[in-house]
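The figures that follow rest on heavy atoms only: side chains count, while hydrogens, waters and symmetry mates do not.
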2 protein chains.
Amino acid sequence: MGSAFLLTQLGTHAAQAFARRIGELDLTPPQTGLLRAIAGAPGSSQQALAELLGTPATRLVALVDGLEQRGLVERRRNPNDRRLHAVHLTDAGTALMADIGRVARAHDDAVLAALDPDERTRLRELLGKVAADQGLTPGVHPGYKTLR
Amino acid sequence: MGSAFLLTQLGTHAAQAFARRIGELDLTPPQTGLLRAIAGAPGSSQQALAELLGTPATRLVALVDGLEQRGLVERRRNPNDRRLHAVHLTDAGTALMADIGRVARAHDDAVLAALDPDERTRLRELLGKVAADQGLTPGVHPGYKTLR
DNA sequence: TATTGTTATACTCTATAACTATA
DNA sequence: TATAGTTATAGAGTATAACAATA
């Protein structure tokens, strides 16, 4: 079995483990990714977020709906162009980002438990090299994108 | 962003790329994994295959149906216990395994294009260490398993 | 007429539960 | 009564297309 298979195998495993962990905050991985995107570019339009994540705008509506109902994000109308909805984190959303960060660090540590600090650094370098070569957007999970 | 995120990011990317490639053989990744499992343990019952892959037996029925209709596998009744269906590759199925191997090698090479042979070896060692520690079954994709 | 966001609809994949046949 | 396999049904997640508001 090739290394790329090991990569998908471990990637799926890590994704499943993260889904379980983040579920304790009542979040799904797509919701978490969207929160991260909003935190990184506050006030973006839904179109811009859809573009960044590589997903249909229609999917964003439902995702934003869910987060808005829980008071984690809010849509603000732009007075200059009333078609746009600028999406922002609320205070509760900002506070939740800290929890997400903690969960992510714990997840990272659990997945890489078998490696010592030097090995982790080496792994990070190798994966970073591959990710850059493959054209992956830093911080954006490719699970939003439709394959074709 | 932690290394585990890089891992899920790259794992998903590699899985998507593999799905595209293997689609050229008119196969889905789950079908490919099942073919591999059957090749590795010919004559297994569907229950045994379901157990190995970590998936409900009901899901196997549909998967085997699809492969059987294409003449890639066949169900053989066991005369001693007529409840069991031993699943085998046909000649066409065996031939297809060679094509799958070629696709997998090409995929591997494309994903790891950024790394030289030494780096690939090093990556393989590190990933193998993590996979063993995380209790992953060699050759079995965790995508079959239900998360809870 | 073009663009942002929304709603309605359909499709794919998978799981749960009920059913058939063999033991 | 228990087990292997199957069929029927329902649910989650996502995409496609039609629609409303604004420019």
Side-chain angles (χ1 to χ4, degrees), chain A residues 12 15-16 19-20 22-23 26-34 37-38 41 43-69 73-88 141-148, chain B residues 12 15-16 19-20 22-23 26-34 37-38 41 43-69 73-88 141-148:
Chain A
T12 302
Q16 290 176 348
R20 265 192 302 273
I22 209 68
D26 267 311
L27 288 174
T28 64
Q31 286 177 325
T32 310
L34 175 55
I38 297 168
S44 298
S45 71
Q46 296 182 188
Q47 290 284 344
L49 288 168
E51 171 71 18
L52 171 68
L53 296 177
T55 196
T58 179
R59 186 175 169 193
L60 239 93
V61 174
L63 280 173
V64 173
D65 281 350
L67 296 177
E68 191 176 40
Q69 278 160 28
V73 307
E74 61 181 13
R75 291 169 161 107
R76 299 188 197 154
R77 284 221 106 108
N78 181 335
N80 299 325
D81 185 341
R82 293 177 39 74
R83 291 174 305 182
L84 280 85
H85 281 167
V87 184
H88 292 265
H141 195 284
Y144 292 94
K145 296 213 176 75
T146 304
L147 347 162
R148 186 81 17 215
Chain B
T12 302
Q16 290 176 347
R20 266 191 302 273
I22 209 69
D26 267 313
L27 288 173
T28 64
Q31 286 177 325
T32 310
L34 176 54
I38 296 169
S44 299
S45 71
Q46 298 183 188
Q47 290 284 344
L49 290 169
E51 172 71 17
L52 172 68
L53 296 177
T55 195
T58 179
R59 187 175 169 192
L60 239 93
V61 174
L63 281 172
V64 173
D65 281 351
L67 296 177
E68 191 175 42
Q69 279 159 28
V73 307
E74 61 182 14
R75 291 169 161 108
R76 299 189 197 150
R77 282 221 108 107
N78 181 333
N80 299 326
D81 185 340
R82 293 176 40 75
R83 290 173 305 182
L84 280 84
H85 281 169
V87 185
H88 291 266
H141 196 284
Y144 291 93
K145 295 214 175 77
T146 305
L147 344 163
R148 195 135 328 263

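- In this structure, CG in B/Leu67 is found 7.5 Å from CG in B/Leu27, a value given to the nearest 0.5 Å.
- Remark: C1' of C/dT4 and CZ of A/Arg75 are 12 Å apart, rounded to the nearest angstrom.
- Looking at every heavy atom in both residues, A/Ala86 comes nearest to A/Gly43 through CB-O, 3.4 Å.
- When each of A/Leu63, A/Val64, A/Leu84 is checked for a side chain to side chain contact (heavy atoms under 4.5 Å, CB included) with A/Gln46, only A/Val64 meets the rule.
- Partners of A/Glu51 by salt bridge (charged side-chain N to carboxylate O under 4.0 Å, His left out), not counting sequence neighbours: none found.
- What separates CD of A/Gln31 from P of D/dA12 is a distance of 14 Å, to the nearest Å.
- Counting only heavy atoms from C-beta on, A/Gln46 has its side chain closest to C/dT6 among C/dT6, D/dA15, D/dA4.
- Of all heavy-atom pairs between B/Asn80 and B/Asn78, the closest is N-OD1, 2.8 Å.
- For residues 54-65 of chain A, every residue pair satisfying the salt bridge (Lys or Arg N to Asp or Glu O under 4.0 Å) rule, not counting sequence neighbours, is listed here: A/Asp65-A/Arg75.
- For the pair A/Thr28 and B/Val87, nearest-nucleotide mapping onto DNA chain D gives the more 5' position to B/Val87.
- In this structure, the CG atom of A/Leu49 is 13 Å from the P atom of C/dT4, given to the nearest Å.
- Contact annotation: the side chain of A/Pro29 never approaches that of A/His141 to less than 4.5 Å [non-hydrogen atoms, C-beta and beyond].
- The salt bridge (charged side-chain N to carboxylate O under 4.0 Å, His left out) test applied to B/Arg76 returns B/Glu74, not counting sequence neighbours.
- The distance between atom OH of A/Tyr144 and atom P of D/dG13, rounded to the nearest whole Å, is 13 Å.
- Helix-axis bend for the helix from C/dT1-D/dA23 to C/dA23-D/dT1: the local axis fitted to the five terminal pairs at one end deviates from that at the other end by 30°, rounded to 10°.
- A/Leu52 approaches A/Ala37 most closely through the heavy-atom pair CD2-CB, 4.0 Å.
- Using a 4.0 Å cut-off on heavy atoms, the residues of residues 57-66 of chain A that approach DNA chain D are A/Thr58, A/Arg59, listed by number.
- Listed by residue number, B/Arg83, B/Leu84, B/His85 are the residues of residues 77-86 of chain B with a heavy-atom contact under 4.0 Å to DNA chain D.
- Residues B/Leu60 and B/Ala50 approach most closely at CD1-CA, 3.7 Å, considering heavy atoms.
- In terms of heavy atoms, B/Ala57 sits closest to B/Gln47 at CB-NE2, 4.1 Å.
- Straight-line distance from the CD atom of B/Glu51 to the P atom of D/dG5: 13 Å, rounded to whole Å.
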